[in-house]
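Everything below concerns the one structure shown next.
To find a chain, count down the sequence lines: A is the first, B the second, and so on, and within it residues start at 1.
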There are 2 protein chains.
Amino acid sequence: MKPQSGGRSALVAKLSHFAALSDADVRVLDELCAGEEPFPARVDIVVEGTAPRAGFVLTQGMACRYRLLPDGRRQILGFLIPGDFFDPYVFLLRTMDHSIATLMPTRLARVERERVIAVFAGRPRLAAACWWSALQDEAIQRERVVALGRRDARGRVAYLLCELVWRQTAIGASDDHAIRLPLTQVELADALGLTPVHINRVLQEFRKAGLIALERRRLRLHDMATLQLIAGSSKAYLHLDGAPEEVARYIDRLERHRDGSAPDAERP
Amino acid sequence: MKPQSGGRSALVAKLSHFAALSDADVRVLDELCAGEEPFPARVDIVVEGTAPRAGFVLTQGMACRYRLLPDGRRQILGFLIPGDFFDPYVFLLRTMDHSIATLMPTRLARVERERVIAVFAGRPRLAAACWWSALQDEAIQRERVVALGRRDARGRVAYLLCELVWRQTAIGASDDHAIRLPLTQVELADALGLTPVHINRVLQEFRKAGLIALERRRLRLHDMATLQLIAGSSKAYLHLDGAPEEVARYIDRLERHRDGSAPDAERP
DNA sequence: CGATCTGTTGATATCCTTCAATTTTGGTGG
DNA sequence: CCACCAAAATTGAAGGATATCAACAGATCG
């Protein structure tokens, strides 16, 4: 399971933004992460064109989804951080349409189909939390489309830095708007549809304006308000404000039925 | 339910790309669409900032997801066409982070939470097909990120036109690479992160090169091969090649269990 | 049948890319 | 610990793709 410094795993921290989890829920999630394995930096975990095998929980480190273009250029599609339970249902596809690679030494737990189905069928609250997490992922993708479609270079950089800080904060891995950021300027460029040269100039400008500090793989946002303004974005799209009350009640009701009929373990 | 000319609804046509549906499955899907309602062109179905109410099946017409920026510009996030069962689980969120608007007169069936849960819990094959459809939607989003991040204007336009034709073909709504296309050049621009002026110039170029015909809201791709080359894309990302055999067998097994225990209707 | 979108075209401006060096950093082995 | 090398960051100059501005023609619709 590999809990964080705080004791709670990143996955538990993240899903707790949706609903308070029971001890039993936490146990199930920790078991999901039990078989985690270490991967070195900059290796492919999943390769475009191959058949997907299983989903993963990322417990430590960082990874990215990416696509290579016919001319060899790369587009990074998104970043995966601790607490991300990604592609649970990917076994429904014949082939991957993109690759996934680590960006630093990273620990990942493989989650097989049977496990996914057991959790989703037997644990209403966790199933709802995973659905919510999938909705969040979609929202993150949409925000990226907005950034690439309609924001200039400064807006794109500001948005991405904010997002990474917001997401790390949501899993308790940020200290006062400062995070570990293992990305090179080439990777930022590939994520934002820009050139490394231009990324560099924007970062310089932000530094000179006292908006950020970024050195030796450590990022600190000194002026979140201004950065948000430049980005034209707020963290609302991460939907960290919990389930609607009515839904929370509904889920509790489902859980009580479950407890009544089969106490405290996953169904077969 | 409102079947298409062929007799099958667009939703059934789309999901059949994943797995062959039983008559009972088809009946359930048709019931989902039973309460469809007409909406005029260019009206909001869902508004950013409001609480989501329910998901929808789009049975006729066309709609788009979009975001408005602080400065009034717009980014279109994606297009919804007949057969799209979108946002089934959106009730898990407190507020919408984007809006959805019709682009032409459109028919939509609202799908409430209870209905979603009944179908997903009681119909393994349909549940799997809907999951697959969600994976397809994510892939479509990724393809858009690639287009906006790394393709020039010609590549973006070519990609979008191909995608719309591929998707319409998958629901049986295309005749020889020709489709109804209710989009203005402003809307194409808002979808592709370009200006209407530039969209116009690219379309002119494509017309002069004999690649496309586009007039009076009708699009025909005369040279799909070249367009794909310009787009640097193939339709692989739509995953229209059916479920992996092993998964198909697994789903059949689940269905047989279901039939044994509760014949032929949704569970309560 | 005017009013308003929509599409079209030309001229100019600009943001970002490209190309090319140079410096700095980080890692590795002697 | 230092020498060395490759990767990463940085800077400058020039070019190009797309935006912006402006004007007009054509289509659509109440």
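- At least one donor-acceptor pair closer than 3.5 Å links the side chain of T50(A) to the backbone N or O of V47(A).
- Applying the 4.0 Å criterion to OP1 and OP2 of dT8(C), one finds that N200(B) has a side-chain N or O inside that range.
- Atom pair E215(A):CD and dA8(D):P shows a separation of 18 Å (rounding to whole Å applied).
- Counting non-hydrogen atoms under 4.0 angstrom, R207(B) reaches the backbone sugars and phosphates but no base.
- Under the 4.0 Å criterion applied to side-chain N and carboxylate O atoms, R65(A) and D137(A) are not assigned as salt-bridge partners.
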Full working for salt bridge (charged side-chain N to carboxylate O under 4.0 Å, His left out) between E187(A) and R42(A): CA-CA 12 Å; E187(A) 285 154 348; R42(A) 289 155 198 268; 3.5 Å; yes

What does the list of N/O pairs under 3.5 Å between the protein and nucleotides 16-18 of chain D look like, with a distance for each?
from    : atom 1 : to      : atom 2 : distance (Å)
dT18(D) : OP1    : A153(B) : N      : 2.7
dT18(D) : OP2    : H198(B) : NE2    : 3.4

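- The CD1 atom of I199(B) sits 13 Å away from the C1' atom of dA19(D) (whole-angstrom rounding).
- Taking the six-membered ring for Trp and thresholds of 30 and 60 degrees, W166(A) and Y237(A) have ring planes more than 60 degrees apart, a perpendicular arrangement.
- Checked by distance alone, R201(B) brings no side-chain donor or acceptor within 3.5 Å of a matching partner on the base of dG7(C).
- Two residues, R42(B) and K208(B), neighbour DNA chain C, and the one matched to the more 5' nucleotide by heavy-atom proximity is R42(B).
- At whole-Å resolution of the value, CD in E187(A) and C1' in dA8(D) are 11 Å apart.
- Rounded to whole Å, the distance from CD on Q204(A) to C1' on dT11(D) is 9 Å.
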Identify each donor-acceptor pair in which a side-chain atom of residues 146-158 of chain B lies under 3.5 Å from a protein atom, sequence neighbours left out, and give them as a table.
from    : atom 1 : to      : atom 2 : distance (Å)
R150(B) : NE     : R74(A)  : O      : 2.9
R150(B) : NH1    : L194(A) : O      : 3.3
R150(B) : NH2    : A189(A) : O      : 3.2
R150(B) : NH2    : D190(A) : OD1    : 2.8
R150(B) : NH2    : L194(A) : O      : 3.3
R151(B) : NE     : A231(B) : O      : 3.0
R151(B) : NH1    : A231(B) : O      : 2.9
R151(B) : NH1    : G232(B) : O      : 3.4
R151(B) : NH2    : E143(B) : OE2    : 3.0
D152(B) : OD1    : R154(B) : N      : 3.3
D152(B) : OD1    : G155(B) : N      : 2.9
R154(B) : NE     : E205(B) : OE2    : 2.7
R154(B) : NH2    : E205(B) : OE2    : 3.3
R156(B) : NE     : A147(B) : O      : 3.4
R156(B) : NE     : R151(B) : O      : 2.9
R156(B) : NH1    : L192(B) : O      : 2.8
R156(B) : NH2    : L148(B) : O      : 3.3
R156(B) : NH2    : R151(B) : O      : 3.4

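- Using a 4.0 Å heavy-atom criterion, one finds that R216(A) contacts the sugar-phosphate atoms exclusively.
- Put simply, CE on M104(A) is 16 Å from C1' on dG26(C), counting in whole angstrom units.
- Separating the CG atom of L203(B) from the P atom of dT9(C) is a distance of 11 Å, rounded to the nearest angstrom.
- Pairing each heavy atom of Q168(A) with each of R180(A), the nearest pair is NE2-O, 4.1 Å.
- Rounding to whole angstrom units, CG of residue L188(A) and P of dA8(D) are separated by 12 Å.
- An angle of 60°, rounded to 10°, separates the two end axes of the helix from dC1(C)-dG30(D) to dG30(C)-dC1(D), each defined over five pairs.
- The CG atom of D87(A) lies 13.0 Å from the CZ atom of R53(A); values are rounded to the nearest 0.5 Å.
- Here the side chains of F86(A) and I100(A) are in contact, with some heavy-atom distance below 4.5 Å.
- What you find for L203(A) and L161(A) is that their closest heavy atoms are CD2-CD1, 4.4 Å.
- Distances shown here put a side-chain N or O of R217(B) below 4.0 Å from the OP1 or OP2 atom of dG7(C).
- K14(B) and D84(B) are joined by a salt bridge, as a carboxylate oxygen and a charged side-chain nitrogen come within less than 4.0 angstrom of each other.
- In this entry the distance linking CG of L183(B) with P of dC5(C) reads 18 Å, nearest Å.
- Side chain of V197(B), nearest nucleotide from dA8(D), dT6(C), dT20(D): dT20(D).
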